[in-house]
Amino acid sequence: MRYSEFGLTTLKESPAEAEIVSHQLMLRAGLIRRLTSGIFTWMPIGLRVLRKVENVVREEMNRAGAHELLMPAVQPAELWQETGRWDQYGDLLLRIRDRHERDFCFGPTHEEVITDIARRELKSYKQLPLNWYQIQTKFRDEIRPRFGVMRSREFIMKDAYSFDLDAEGLAASYQRMYDAYSAVFERLGLTFRIVDADSGEIGGSRSQEFHVLADSGEDAIAYCDADGYASNIESAATLPPEGERPAPSKDREKVSTPGVRSIEALCEHLGVEATATLKTLIVEGTDGPVALVLRGDHELNAVKAQKLDGVAAPLTMADPGTIRSATGAEPGFAGPIGLDIPVYFDHATAAMADFVVGANEADMHYTGVNFGRDIEAAETVDLRNVVEGDTTPGGKGTLSITRGIEVGHIFQLGTKYSESLGATVLNKDGKQQVLEMGCYGIGITRIVGAAIEQNHDDKGIIWPDPLAPFNVVIVPINLQRSDAVREASEALYAELQELGYEVLFDDRDARPGVKFADAELLGIPHRLVVSDRGLEEGELEYRHRRDSESKNLKREEALKLLTK
Ligand code: ATP
Ligand code: MG
């Protein structure tokens, strides 16, 4: 491709809206342009990268025996009402009304549509196992679109759906997708980790996520290489502490804590560690508010909390009015003593003695509080996020925490959708049997951002070879004024294309420094410089994007380097 022909503009400065490096570089390199919040155009070079991702995914899906189809993006409300998700899916669902006042949504996912196809097309166990997939645009009205294409509202997903007669078949189909996903991310040259995951509102039993590891990742991952454990922190379980509860050694005292509403302020005011305090969070419940009590330094895990009996999902913090009527005090002074609403205590609180809690009275806390004496020693539950150093759920090792970007997610759905939509086939005995389903998603557009998070330097993107929009960039020096350079560059451009390379020919009338900077920003793996001086020696200047120095090489040698 000739640079001068496709109207690309690169930016020197990062646009202010871009918080993380991949978003900055995608805008600077002109891969994407924002239309409105969370909605982007893929410009020609960006689209080349996107197609590479798609092709690798498509090849591996086909290799795994899945069949590509293309479902509609717009879906009728009736189907979503049949599964109950028209109401459950909430504000993420973009709802649309047609001229006849009929309700539709722009598909955020396609379980309903695929199961509708299955209930019509699949009649017999002989048609199984089956896996249908598509690569298609989804829309989710994300509350906080950010990080460019990583959390956008409109995005492209590869979604696959497997159909089996029984749980054993489903397990095998799931394993095939697990292997195919592993192959995809290996081929793309990304460093990734497979972790246990929460099944979220899609439902079902087993589920795992594929994460590209990056410090900017929105997800925290808990892992322990020693015992092969890895889980999204959302679903990483904590264990109750071992051994006896420590005995009280202090008397309970009510202390004045004027204006002290946070754990941090409390610790400073009383000169205690956060580990010696309890925090009491009031959340909305299905039948009035509920209190969740954690050790002061621990973080509430929303996914775990919203699964508890009586706690509303999605987890919602109670408003100040509710807190006042539930605790009798201003927000910031809640505590479990004398609280007249359901209370859940986190496991970690079971190991505590002589701690500080809110007194349910403005500007007051209790110190020296103990279970058994001041608060009934209730059963504890798993409420918090794991932290570095926690014991693994298997009890054999300790956890480390790293960050990741979720690029793929595989689920064993079971019969959740086939049952509500009535998707059955005749089994060997001639009886109707409900289909076992799996669903499998890959964030095609998110992968491009994730790849950049993992592969860049201060000059720009460094594409892994399988993702590079071009393999080679030709940078001619003085192209507009030197016939020798023009002839040699054109010949090189033609020859490299003939050899099957994807070549960017920087034929612009621009200073070499500008061209070099753009080639680096765009992250093209191989760069060949054609100059009068080089040509006199029969040489080209070669540099790999990862190298810090260029080499002058005979033309043949340079071409040989590319084939390597
Ligand atoms: P997240 O937890 O990041 O919101 P999710 O678990 O809701 O994602 P899935 O329903 O598992 O997403 O969708 C499959 C894949 O689609 C995800 O693994 C992710 O790679 C991609 N994806 C989901 N939401 C978005 C989004 N808003 N923008 C870009 N890609 C997305
Ligand atoms: Mg997911």
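Counting starts at 1 for both ligands and their atoms, following the listed order.
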Does NZ or CZ of R153 come closer than 6.0 Å to the centre of the six-membered ring of F139, within 45° of the ring's axis? no
Check for a donor-acceptor pair, side chain of H544 on one end and backbone N or O of R546 on the other, with a separation under 3.5 Å. yes
Given E142, E406, E154, which has its nearest heavy atom closest to atom 18 (O) of ligand 1? E406
With heavy atoms only and a cut-off of under 4.0 Å, state how R151 meets ligand 1: side chain, backbone, both or neither. both
Min heavy-atom dist T109 to ligand 1 below 4.0 Å: no
Numbered atoms of ligand 1 (with element) below 4.0 Å of V149, judged on heavy atoms: 29 (C)
Distance-only side-chain donor-acceptor flag, T349 / D346, under 3.5 Å: no
Please give the atom name: the N, O or S atom of H409 nearest to the Mg ion (ligand 2). ND1
Donor + acceptor pair across side chains of Q412, Y174 (<3.5 Å): no
Applying a heavy-atom cut-off of 4.0 Å, say which part of R446 lies close to ligand 1: side chain, backbone, both or neither. side chain
Between the Mg ion (ligand 2) and E406, is there an N, O or S atom separated by less than 2.8 Å? yes
Among M157, H409, E209, closest by heavy atom to atom 13 (O) of ligand 1 is M157
Can you see whether H298 engages K279 through a side-chain donor-acceptor pair at a distance of less than 3.5 angstrom? no
Quick one: does any side-chain atom of Y181 pair with a main-chain N or O of Y440 as donor and acceptor, under 3.5 Å? yes
Exam field: side chain R140 to backbone P108, donor-acceptor pair closer than 3.5 Å: yes
Using non-hydrogen atoms of the residue, decide whether M150 is closer than 4.0 angstrom to ligand 1. yes
With a 4.0 Å cut-off on heavy atoms, is D159 touching ligand 1? no
Close-contact set for ligand 1 against G408 heavy atoms, below 4.0 Å: 18 (O)
Relative to W86, does R95 satisfy both conditions: NZ or CZ under 6.0 angstrom from the six-membered ring centre, and within 45 degrees of the ring's axis? yes
